[in-house]
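What follows is a single structure, written as structure tokens, with notes after it.
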Amino acid sequence: MDNEPISVRPLDLAVAAEVRADMARWNFTISGMAAAVNMNRAPFTERYHGRRPFAPSELQKVAARFGATASDILARAESAAPAEELAAAS
């Protein structure tokens, strides 16, 4: 299923950037985080780089590793992404 083309939007990219920033702050590697949230490395890597969006349940598992919620990450991503891009993408 992960091989099907999917449209990634500016907010998806901003979420991926927030996850990358948190992983760097907490010294998580891609392999380490994928294992911690019970995902295979390849699908996690697709999400990490913003090539596929995180599902809400996936984001929740990732956020929990940082002592945060999916809503926390999403709020930071919304603040970081330019409002014009978010509006244009909806």
Could you give the distance from OG (S71) to CZ (R76), rounded to the nearest 0.5 Å?
11.5 Å
side-chain contact (heavy atoms from CB on, under 4.5 Å) with A16: which residues, sequence neighbours excluded?
R20
Could you work out, with side-chain hydrogen bond (donor to acceptor under 3.5 Å, both in side chains) as the rule, every residue matching T69, not counting sequence neighbours?
D72
Measure across P56 and A70 and return the closest heavy-atom pair with its distance rounded to 0.1 Å.
O-CB, 4.5 Å
Identify each donor-acceptor pair in which a side-chain atom of residues 27-42 lies under 3.5 Å from a protein atom, sequence neighbours left out, and give them as a table.
| residue | atom | partner | partner atom | Å |
| --- | --- | --- | --- | --- |
| T29 | OG1 | G32 | N | 2.8 |
| S31 | OG | R41 | NE | 2.8 |

Closest approach of F54 to Y48 (non-hydrogen atoms, all atoms of both residues):
CZ-N, 4.2 Å
L13 meets the side-chain contact (heavy atoms from CB on, under 4.5 Å) criterion, sequence neighbours left out, with V8
Looking at CG of L74 and CG of L59, how far apart are the two atoms once the value is rounded to the nearest 0.5 Å?
7.0 Å
Pairs where residues 55-70 contributes a residue and the test salt bridge (charged side-chain N to carboxylate O under 4.0 Å, His left out) is met, not counting sequence neighbours:
R47-E58
Which pairs count as salt bridge (charged side-chain N to carboxylate O under 4.0 Å, His left out) when at least one residue sits in residues 23-36, sequence neighbours excluded?
D22-R25
